[in-house]
Asks: 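Here you go, one structure.
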Amino acid sequence: MNYHWNWGIFGEQVKGGEETYLDWLATGLGWTLAVSLTAWLLALVIGIAVGALRTAPSRPIALIGSAWVELFRNIPLLVQMFLWFFVVPELLPQEWGLWVKQDMPAKEFVTAALCLGFFTSARVAEQVRAGIGSLPRGQRDAALALGLTLPQTYRHVILPQALRIVIPPLTSEFMNVFKNSSIAFAIGVMELTFQARQMQEDSEQGIETYLAVTLLYFICAFAANRGMAWIEARTRVPGLIARTS
Amino acid sequence: MIEIRDLSKAYGGTPVLKACSTTVAKGEVVVVCGPSGSGKSTLIKCVNGLEPFQHGSITVDGVSVGDPKTDLPRLRARVGMVFQHFELFPHMSVRKNLALAQIRVLGREADEADARGLRLLDRVGLVAHADKHPAQLSGGQQQRVAIARALAMDPVCMLFDEPTSALDPEMIGEVLDVMVELAREGMTMMVVTHEMGFARQVAHRVIFMDHGEIVEDAPAAQFFAAPASERAQGFLARILHH
Amino acid sequence: MGEFDFSVWGPSLPFIRDGLLFTLRLTLIAMSGGIVIGTLLALARLSPVKPLSLVAGAYVDTMRSIPLVMVILWFFLVIPFLTGTPVGAETSAIITFTAFEAAFYCEIMRSGIQSVPRGQVWAAQALGLTQTQAMVHVVLPQALRNMLPVLLTQTIVLFQDTSLVYAIGAKDLLKAADVVGKNYNRPVEMIVLSALIYFAICFSLSLAVRQLQKRVAIVR
């Protein structure tokens, strides 16, 4: 088969529309960033909370934490997307479900961000739990001995240290969020992969299209990596040698 | 000040403390010694409720430690504790280590807490290091900061859990000096340690433990002159002639 | 709460079985192919021949930083240009997953090989084994054993990832559920069924891996 290269394709107008293909890709990048960053924020908040709960002295609470992790870890992300999109609205009270299905603004985006956020939260929780577990037990005792309550001990002593330890594994999770956001195409979020498929069909310049989209994903992952490295440098504790593991 | 009555504790099925009873009066310095695994660290951690116990009772300054209704954080805030591995918070500067609990637990203003912290740092000779992080200090310096951190809470008594056993020999002296001074000022102290020199110098009483039991509880002079039990005699012989 | 009608599960079973069989076939082929190619890639990455290790490294790093959906689309687009004829979504999926998973198995095997102490190679060579023999008979078996739990965990991830062949319409478990859901107009019930099947398989496999991990830890 012969392939006709056409690098000028990005400037051309889409079939039956005013915009150019470049506009499609820009829209795609925008949605990819929106879904990924919202999901990451959600994943951090929930993941840190669940990870901390899993180390709590109470057994029932720790059990709920591990059920949370197992649930999100053992169902494919794509199936989770469909569950959130099609099944969750059915489980809500009737009026709410109807509102979600018919009137909720940016329904696809909200669903994808929630789904990816919860999915990633389970992975963040695992890292946070491991980070807390790697701290010497004496730190907790020392904080309690000073009269801090257990929540204060987590807030001021345990989490600030555990989070520093888990920055390297969280960096790869953050990069994974961008990669995983591509699955949102399946419920119709107009992010990069959605645009890639659409532009490929519309323009029939698949290779140029995919190269451009792949490059944009690379840039996202690279930016995520640099961003986390910046945070790591900013939060480094004087005198402590970075742990290598 | 501290009253321990008939205290027993077990991990799973293994007993670690067996019917221990003793008291520490206000202003008294009591040294707890014994071979490793004798339960002495567990005993001292029971006093401020860091280790739960199954039987018996402990009261500190009239408050029952084992009572589920007791506000443990409030009690612990009045009982200073110094740990074997210092347990300074590595992510905070020395200054912040001293201020954290004063602000969060006692509700002091930041300025007041900072000033009080600096006064105590000065007392342990480390005011010049206030803005360093723990990892930038030597072990002896870290332990002195840890003592200052406990003192900043204005404790009614102090617990020491092997405060010098993680230190290089040349640093033990500087920490003991601070503790001796504290004892002379009349602080109520319960000290788990193998430093018999310290015990001779300032302890009023010595408690000897073995296999989770208090084997001997005697005035210091009497303990060193003529330990009553064979186990204590053997222990002293080993520890003094190594 | 919406109205559910799970009676659709009964007639869907033959379709679901066929879909599940394809998913399992894809997983097994991609796993065995991926482990073989991944091990070769790992050897190449660790090889003292610079160009070889550079090429292998570039391949692995590229695969690991692109979203899997994009990799699936790429292969589906490019394979026909290479073979000259269009291939079905299923064949394309099998090639894609083998190539993609090889990059992940490579990294696992690489750390497995590096976990075997240098002394083992020296001891093997001292006995007169060649470098290749030492690798095949001494290092790789140990690397494989050390890494077995991680390899299996990666395979569970692979099993879940195969659902992404949805992007090119290959008829796997999820697609079967999707088709039945549309035919009977019961999409919600069918998604729930597919989620339950995935969960049951993955959860029991991960429990098994955990048991294995305990046993490996004891042997060490």
Side-chain angles (χ1 to χ4, degrees), chain A residues 1-3 32 69-94 96-98 101 172 175-176 178-186 191-194 196-197 200 206-207 209-211 213-222 224-225, chain C residues 1-4 23 61-62 64-78 80-86 153 156-168 172-174 177-178 181 187-207:
Chain A
M1 270 196 250
N2 269 325
Y3 188 78
T32 291
V69 170
E70 293 299 341
L71 184 65
F72 289 102
R73 200 163 54 180
N74 287 305
I75 299 177
L77 181 56
L78 177 58
V79 178
Q80 292 188 33
M81 276 292 170
F82 289 150
L83 284 175
W84 283 92
F85 197 71
F86 296 108
V87 181
V88 169
E90 303 290 336
L91 299 175
L92 296 171
Q94 196 141 30
W96 296 18
L98 217 61
K101 278 188 269 186
S172 51
M175 294 165 75
N176 278 340
F178 283 95
K179 287 198 276 171
N180 287 334
S181 72
S182 62
I183 295 173
F185 87 90
E191 47 68 70
L192 277 174
T193 302
F194 184 95
R197 281 158 56 99
Q200 191 267 129
I207 294 185
T209 305
Y210 288 180
L211 272 176
V213 168
T214 303
L215 186 70
L216 287 173
Y217 274 118
F218 265 127
I219 294 171
C220 287
F222 183 74
N225 183 297
Chain C
M1 279 277 248
E3 298 283 310
F4 293 103
T23 295
D61 290 342
T62 309
R64 285 164 60 91
S65 44
I66 307 177
L68 176 51
V69 187
M70 282 310 297
V71 179
I72 294 172
L73 293 178
W74 263 116
F75 273 78
F76 195 52
L77 177 76
V78 170
F81 287 115
L82 300 178
T83 58
T85 52
T153 304
I156 299 175
V157 173
L158 160 65
F159 176 73
Q160 295 188 27
D161 280 347
T162 57
S163 61
L164 293 178
V165 298
Y166 177 87
I168 52 173
D172 72 328
L173 170 58
L174 180 60
D178 187 47
V188 172
E189 287 80 353
M190 290 312 296
I191 291 163
V192 172
L193 177 62
S194 68
L196 286 176
I197 296 173
Y198 277 114
F199 183 82
I201 294 175
C202 294
F203 186 58
S204 34
L205 281 177
S206 59
L207 286 182

Asks: Between the side chain of A:Glu191 and the main-chain N/O of A:Phe194, is any donor-acceptor distance below 3.5 Å?
Replies: yes

Asks: Which atoms of A:Leu211 are under 4.5 Å from chain C, going by heavy atoms: the side chain, the backbone, both sets, or neither?
Replies: both

Asks: Relative to chain A, which segment of C:Leu77 carries a heavy atom at a distance below 4.5 Å: side chain, backbone, both, or neither?
Replies: side chain

Asks: Can you say whether A:Gln200 sits under 4.5 Å from chain C via the side chain, the backbone, both, or neither, judging by heavy atoms?
Replies: side chain

Asks: Can you tell me which of C:Thr62, C:Asp178, C:Leu164, C:Val157 forms the most heavy-atom pairs within a distance under 4.5 Å of chain A?
Replies: C:Leu164

Asks: What option among A:Phe86, A:Tyr217, A:Tyr210 has the most heavy-atom pairs under 4.5 Å with chain C?
Replies: A:Tyr210

Asks: If we ignore hydrogens and angles and just use 3.5 Å, is the side chain of A:Lys101 paired with the main-chain N or O of A:Glu90 as donor and acceptor?
Replies: no

Asks: Measure from the side-chain N and O atoms of A:Arg197 to the backbone N and O of C:Leu73, and report whether any donor-acceptor pair falls under 3.5 Å.
Replies: no

Asks: Judged by atom type as modelled, is there a donor-acceptor pair below 3.5 Å linking the side chain of C:Ser194 to the main-chain atoms of C:Ala177?
Replies: no

Asks: Heavy-atom cut-off 4.5 Å, strictly under: side chain, backbone, both or neither for C:Leu174 against chain A?
Replies: side chain

Asks: Step through the shown structure and confirm whether more than 12 heavy atoms of other residues, nucleotides or ligands are within 6.0 Å of CZ on A:Phe222.
Replies: no

Asks: Can you say whether C:Ser65 sits under 4.5 Å from chain A via the side chain, the backbone, both, or neither, judging by heavy atoms?
Replies: both

Asks: Which bit of A:Leu98 comes within less than 4.5 Å of chain C, counting heavy atoms only: side chain, backbone, both or neither?
Replies: neither

Asks: Can you classify the ring geometry of C:Tyr166 versus A:Phe185 as parallel (below 30°), tilted (30 to 60°) or perpendicular (above 60°)?
Replies: tilted

